[in-house]
Peer 1: 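Here's a structure for you.
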Amino acid sequence: MSRDQAAAFLRTLATANPKPETELLYRDPFSLLVAVVLSAQTTDAAVNKCTPSLFAAAPTPAAMAALGAEGIGPHIRRIGLWQGKARNVAALASLLVEQHGGEVPRDRAALEALPGVGRKTANVVLNVAFGENTMAVDTHIFRLGNRTGLAPGKTPRTVEDGLVKRCPPELLRDAHHWLILHGRYVCKARLPACWRCIAATHCNYRDKVVPPA
DNA sequence: ATCCCGAGGG
DNA sequence: CCCTCTGGAT
């Protein structure tokens, strides 16, 4: 699709009214980072049940490091991969204390060097917590970018670059947030709900899907 | 049964 | 590129 179409697509999404989810629930960089690390292969609902007690016990990197994997584990037993995540969060908090003055670094390389943090997680933190021009490409956004024609690409990185390039800068934050919700609830993997998609008029995939009888 | 809002490792 | 780690939703 054309650059203008892409911008219209993203503008339509960004100006809609999203309900708050993980990325907007956690405002400070540290809790956001931890929440996103915990989110892999689980639902937001599950993560959001664990985090209140976890952050009450350890609000800062120093406290989290002191808590340790054994202390973190009991707080997050209900989410997938919790054992590995407990270790990662503990190690990550220690690294923040030892190498970054107890702060979350505003730097891609430093973020990706943390255990449990890959490019997607780093991009969420950079975009949401620090306002950087990045787009986090998870499986939803990857699918959406290709399916709709918004940002085609063979690899997540290609899709990411396409999105950043095509999205009007002032919309990057809202578009990023909305893309995640849109990919999850509307432009779904199995049954894309084009008939209730707010951006269908801008989408290549429109009408390729038959609504349920 | 099967699929996932990932990352790390072989 | 493939696999594994896990729990929850469908």
Side-chain angles (χ1 to χ4, degrees), chain A residues 10 13-14 16 18-27 31-51 53-54 69-70 72-96 104-105 107-129 134-148 150-151 153-160 163-164 172-193 197 212:
Chain A
L10 289 163
L13 288 186
K19 32 182 180 180
E21 246 186 74
T22 300
E23 279 79 16
L24 294 186
L25 230 48
Y26 303 96
R27 289 294 181 135
S31 54
L32 175 69
L33 171 62
V34 172
V36 176
V37 167
L38 295 180
S39 294
Q41 296 294 41
T42 15
T43 61
D44 282 345
V47 171
N48 293 340
K49 276 183 185 171
C50 299
T51 48
S53 72
L54 177 63
E70 293 73 16
I72 294 169
H75 292 284
I76 63 175
R77 282 241 167 69
R78 299 216 83 214
I79 68 182
L81 314 181
W82 65 270
Q83 298 169 96
K85 287 170 183 176
R87 286 191 294 271
N88 283 154
V89 170
L92 164 163
S94 296
L95 276 173
L96 292 182
V104 175
D107 175 76
R108 156 159 292 123
L111 286 168
E112 291 187 15
L114 300 170
V117 180
R119 188 171 182 97
K120 183 259 177 179
T121 300
N123 276 336
V124 172
V125 173
L126 287 170
N127 179 306
V128 177
T134 64
M135 291 289 231
V137 178
D138 56 24
T139 55
H140 288 320
I141 299 190
F142 181 75
R143 175 185 65 248
L144 189 153
N146 279 293
R147 175 189 278 170
T148 63
L150 179 60
K154 332 86 217 136
T155 69
R157 181 59 193 276
T158 317
V159 171
E160 177 189 325
L163 287 174
V164 171
L172 265 163
R173 268 180 132 163
D174 289 337
H176 168 262
H177 178 62
W178 231 98
L179 279 169
I180 294 175
L181 297 178
H182 194 70
R184 172 70 182 87
Y185 297 112
V186 181
C187 199
K188 298 178 291 185
R190 291 166 293 224
L191 289 171
C197 172

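So you know, we letter chains A, B, ... as the sequences are listed, proteins then strands, and number each from 1. Just so you know, these numbers use all the heavy atoms, side chains as well, and skip hydrogens, waters and symmetry mates.
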Peer 1: Starting at CD1 of A:I141 and ending at P of B:dC4, how long is that distance when rounded to a whole Å?
Peer 2: 16 Å
Peer 1: What integer distance in Å separates A:D138:CG from B:dC3:P?
Peer 2: 18 Å
Peer 1: Might you list the N or O atoms of the protein lying below 3.5 Å from N or O atoms in nucleotides 5-7 of chain C, with each pair's distance?
Peer 2:
unit_1, atom_1, unit_2, atom_2, d
C:dT6, OP1, A:Q83, NE2, 2.9
C:dG7, OP1, A:W82, NE1, 3.2
C:dG7, O4', A:G80, N, 3.4
C:dG7, O3', A:R78, O, 3.0
C:dG7, N2, A:Q41, O, 2.9

Peer 1: Applying side-chain hydrogen bond (donor to acceptor under 3.5 Å, both in side chains), name anything that partners A:T51, two or more places apart in sequence or on another chain.
Peer 2: A:Y26
Peer 1: A:L81: what forms a side-chain contact (heavy atoms from CB on, under 4.5 Å) with it, not counting sequence neighbours?
Peer 2: A:Q41, A:K85
Peer 1: Using the 3.5 Å cut-off, write out each protein N or O paired with an N or O of nucleotides 8-10 of chain B and the distance between them.
Peer 2:
unit_1, atom_1, unit_2, atom_2, d
B:dG8, OP1, A:G116, N, 2.8

Peer 1: List for me each residue that meets side-chain contact (heavy atoms from CB on, under 4.5 Å) alongside A:S53, sequence neighbours excluded, and say none if there are none.
Peer 2: A:H75
Peer 1: Residues two or more places apart in sequence or in another chain: which of them pass salt bridge (Lys or Arg N to Asp or Glu O under 4.0 Å) with A:R78?
Peer 2: none
Peer 1: Among all residues two or more places apart in sequence or in another chain, which pass the side-chain hydrogen bond (donor to acceptor under 3.5 Å, both in side chains) test with A:T134?
Peer 2: none
Peer 1: Please check if the side chain of A:N146 supplies one atom and the backbone of A:G153 the other of a donor-acceptor pair under 3.5 Å.
Peer 2: yes
Peer 1: Check side-chain contact (heavy atoms from CB on, under 4.5 Å) between A:R87 and all other residues, then give those that pass, not counting sequence neighbours.
Peer 2: A:A69, A:Q83
Peer 1: Whole angstrom is fine here: how far is it from NZ in A:K154 over to C1' in C:dC1?
Peer 2: 17 Å
Peer 1: Restricting to side-chain contact (heavy atoms from CB on, under 4.5 Å), what partner residues turn up for A:R77, sequence neighbours left out?
Peer 2: A:P74, A:W82
Peer 1: Mind calculating the distance between CG (A:L33) and C1' (B:dG6) to the nearest angstrom?
Peer 2: 14 Å
